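Structure first, commentary second.
Just so you know, these numbers use all the heavy atoms, side chains as well, and skip hydrogens, waters and symmetry mates. Just so you know, these numbers come straight off a predicted model, no measurement behind them.
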Amino acid sequence: MKRMDPSHDQPPPSSPATPKLKPEERRARQADRLTTIRLRMLIGRELEERGITAPTAIGEALGMPAREATSLLTRHQWREGDVALLQAAATRLGVHVPGAPGDAGV
């Protein structure tokens, strides 16, 4: 006869509660997410227009390792620091980013 492990009857330990973001922090993150989407689209379009499609070539064009560059352009999860990396990549490519700091059109 099999003995039942008593731990199976207990609910899993609760994970520590994640602190709620303040409304201004939530707005800032949402703005960053939208900025990353716009930058990825602009950079992707520029690379495509230049015929740069291979991961190695993308990495060279953006000045970073191929894996890091393709991950930066394709990941769906927002990460802190992505905006700065994407802005640097856009600047390196000479891509005009509407609404960027210093943009006269804002």
Side-chain angles (χ1 to χ4, degrees):
M1 184 151 114
K2 290 184 182 179
R3 292 182 66 168
M4 295 295 290
D5 183 0
S7 66
H8 288 287
D9 296 336
Q10 298 173 356
S14 62
S15 61
T18 55
K20 282 195 158 197
L21 293 176
K22 294 178 182 175
E24 57 272 5
E25 291 171 331
R26 247 185 320 202
R27 283 190 290 274
R29 278 197 180 185
Q30 184 63 23
D32 277 357
R33 285 185 188 102
L34 292 173
T35 300
T36 59
I37 291 167
R38 289 182 187 114
L39 286 166
R40 285 181 177 130
M41 289 176 58
L42 289 168
I43 292 167
R45 189 175 305 136
E46 181 66 23
L47 291 170
E48 190 174 311
E49 287 176 5
R50 295 182 186 191
I52 301 172
T53 57
T56 305
I58 292 171
E60 288 175 14
L62 301 185
M64 56 182 65
R67 175 177 265 166
E68 185 180 334
T70 54
S71 175
L72 179 65
L73 294 176
T74 59
R75 70 174 153 243
H76 297 285
Q77 185 175 11
W78 173 87
R79 292 185 185 170
E80 194 166 339
D82 279 357
V83 172
L85 289 171
L86 288 163
Q87 286 174 335
T91 300
R92 183 177 172 100
L93 292 172
V95 174
H96 173 72
V97 181
D103 183 22
V106 176

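For the residue pair Ala69 and Gly59, the shortest heavy atom distance occurs at CB-CA, 3.7 Å. The nearest pair of heavy atoms linking Ala66 to Pro55 is CB-O, 3.3 Å. Minimum heavy-atom separation, Arg92 to Glu60: NH2-O, 3.4 Å.
With values rounded to the nearest 0.5 angstrom, Ile58 atom CD1 is found 11.5 Å from Met64 atom CE. Interatomic distance, CD1 of Ile37 versus CG of Asp82, reported as 11.5 Å (0.5 Å rounding). Atom OG1 in Thr91 sits 11.5 Å away from atom NE2 in His96 (nearest 0.5 Å).
At least one donor-acceptor pair under 3.5 Å links the side chain of Arg40 to the backbone N or O of Leu72. Ser71 contributes no side-chain N or O that, together with a main-chain N or O of Arg67, makes up a donor-acceptor pair within less than 3.5 Å. Between the side chain of Glu68 and the main chain of Pro65, no donor-acceptor pair closer than 3.5 Å is present. A donor-acceptor contact shorter than 3.5 Å links the side chain of Arg50 to the backbone of Leu93.
Two residues are said to be in side-chain contact when any heavy atoms from C-beta on lie closer than 4.5 Å; Glu25 and Arg29 fail this criterion. Contact annotation: the side chain of Leu86 approaches that of Ile43 to within less than 4.5 Å [non-hydrogen atoms, C-beta and beyond]. You'll find the side chain of Arg38 stays beyond 4.5 Å of the side chain of Met41, heavy atoms only.
Tested against Leu47, the residues Val95, Leu73, Thr53 include a single side-chain contact (heavy atoms from CB on, under 4.5 Å) partner, Leu73.
Environment of CD in Glu24: crowded, with over 12 heavy atoms of neighbouring residues, nucleotides or ligands closer than 6.0 Å. Annotation for Glu80: atom CD does not count as buried by contact number, only 12 or fewer foreign heavy atoms lying within 6.0 Å.
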